[in-house]
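The structure displayed is predicted, hence computed values, not measured ones. Counting starts at 1 for both ligands and their atoms, in listed order.
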Amino acid sequence: MIKEKILVIGASGQIGVELTLALRKIYGNANVVASDLREENELLKGTGPYVSLDVMNKEMLHVQVIRQNVTQIYLLAAILSATGEKNPNLAWSLNMQSLLNVLDIAKEEKIHKVYWPSSIAVFGPTSPKKNCPQQTVIEPITVYGISKYAGEFWCNYYHQRWGLDVRSIRYPGLISYKSAPGGGTTDYAVEIFHEALEEKSYECFLEPDTYLPMMYMPDAIKATLELMEAPEEKIKIRTSYNISGMSFSPKEIAAEIKKHIPEFTISYKPDYRQQIANSWPQSIDDSVARNDWGWKEDYDLPAMTKDMFENL
Ligand code: VAH
């Protein structure tokens with residue numbers, strides 16, 4: 001059995017924290033090196049090795065990969081949709097150069113597996129709104145979406161040309177209680193829980209009927225691990241897999257929260273993120289992921305809401 005050594009880049013982010021903890025349960029704490037430009041997230045402290053790492057410094061990254069005898073790399077560092085629109089050049093250069101650095105080093109060091117998340121943000125206004133399929137018209141209008149779609153083709157290229165086993169999932173909006181989201185358009189669905197508990201009210205930056213594809217973080221982690229553990233011959237998509245958990249609107253999640261906090265009230269004050277949300281599909285067809293590697297979500301809106309309040 002080859003000893004796996006995993007490097008998680010962006011380990012202190014919303015997905016990174018939970019993915020690092022999940023990987024440590026499988027591979028052992030010492031075999032999962034967490035890294036980020038930021039300082040170590042509180043939840044990671046004492047659970048395994050942590051190195052400060054700037055993924056944009058290719059030489060430093062290469063040194064760490066060799067020094068730590070890394071065999072798998074999970075690259076989670078990225079600037080998300082809302083923040084990206086405030087700083088397009090930084091979003092493009094970080095989201096693209098970080099991936100190209102990782103792919104090139106992975107090829108050179110014969111890394112066994114690479115994981116890199118894409119997003120339903122690759123879809124644009126010309127993509128089907130309902131049950132948006134794996135392959136369709138894809139014309140992203142945010143820098144984040146452009147960078148994620150371009151990145152998908154780079155992943156496919158490194159697989160086709162050099163056989164690199166790089167795998168990817170187009171995450172919906174992710175909801176979690178362990179770590180804060182990082183500047184996305186779907187962040188309202190996390191903020192609303194904290195505000196409901198603290199203020200019993202929430203001012204939503206999207207309109208009440210803005211339906212978006214969403215997923216509870218435990219399902220996103222499960223999907224990532226199932227994809228990465230699947231036998232290589234099952235992975236037919238080398239750009240990035242659609243997956244889906246649920247779709248809901250601010251009005252619907254507010255009604256679900258009111259079942260737990262009856263006095264909760266919501267108000268609406270749409271901002272620039274409304275245009276981003278309007279450009280995305282309302283629901284996703286993930287039949288390809290279900291067929292190829294057996295994907296199936298566990299959580300719907302009521303189950304997620306109940307679990308969120310039990311843990312917050
Ligand atoms: C964002 N949370 O809002 C991310 C995600 C589908 C949305 O990619 O940018």
So the atoms of ligand 1 within less than 4.0 Å of a heavy atom of Gly173 turn out to be 6 (C)
Nearest-contact summary for atom 2 (N) of ligand 1 - protein heavy atom, Å: Thr186 OG1, 3.0 Å
Closest approach of Asp165 to Arg238 (non-hydrogen atoms, all atoms of both residues): OD1-NH1, 2.7 Å
May I ask you to check whether Tyr241 and Trp293 place their ring centers less than 6.0 Å from one another? yes
Could you list the donor-acceptor pairs under 3.5 angstrom formed by side chains in residues 192-203, with sequence neighbours left out?
residue	atom	partner	partner atom	Å
Lys200	NZ	Leu197	O	3.2
Tyr202	OH	Glu191	OE1	2.6

Taking NZ, NE, NH1 and NH2 as the nitrogens, is one of them in Lys251 or Glu256 under 4.0 Å from a carboxylate oxygen of the other? no
What atoms of ligand 1 come closer than 4.0 angstrom to any heavy atom of Leu80? 9 (O)
Distance from atom 3 (O) of ligand 1 to nearest protein heavy atom, with residue and atom: Thr185 N, 2.7 Å
So if I count the atoms of ligand 1 from 1 in the order they appear, which ones are less than 4.0 Å from some heavy atom of Ile120? 6 (C)
Is it true that Tyr157 and Phe153 have ring centroids separated by less than 6.0 Å? no
Atoms of ligand 1 less than 4.0 Å from Ser119 heavy atoms? 5 (C), 6 (C), 8 (O)
Mind checking whether Tyr144 has an N or O less than 3.5 Å away from an N or O of ligand 1? yes
Polar side-chain atom of Lys148 near backbone of Pro117 as donor-acceptor pair, under 3.5 Å: yes
Ligand-side contact atoms (ligand 1) for residue partner Ser81, heavy atom cut-off under 4.0 Å: 1 (C), 3 (O), 9 (O)
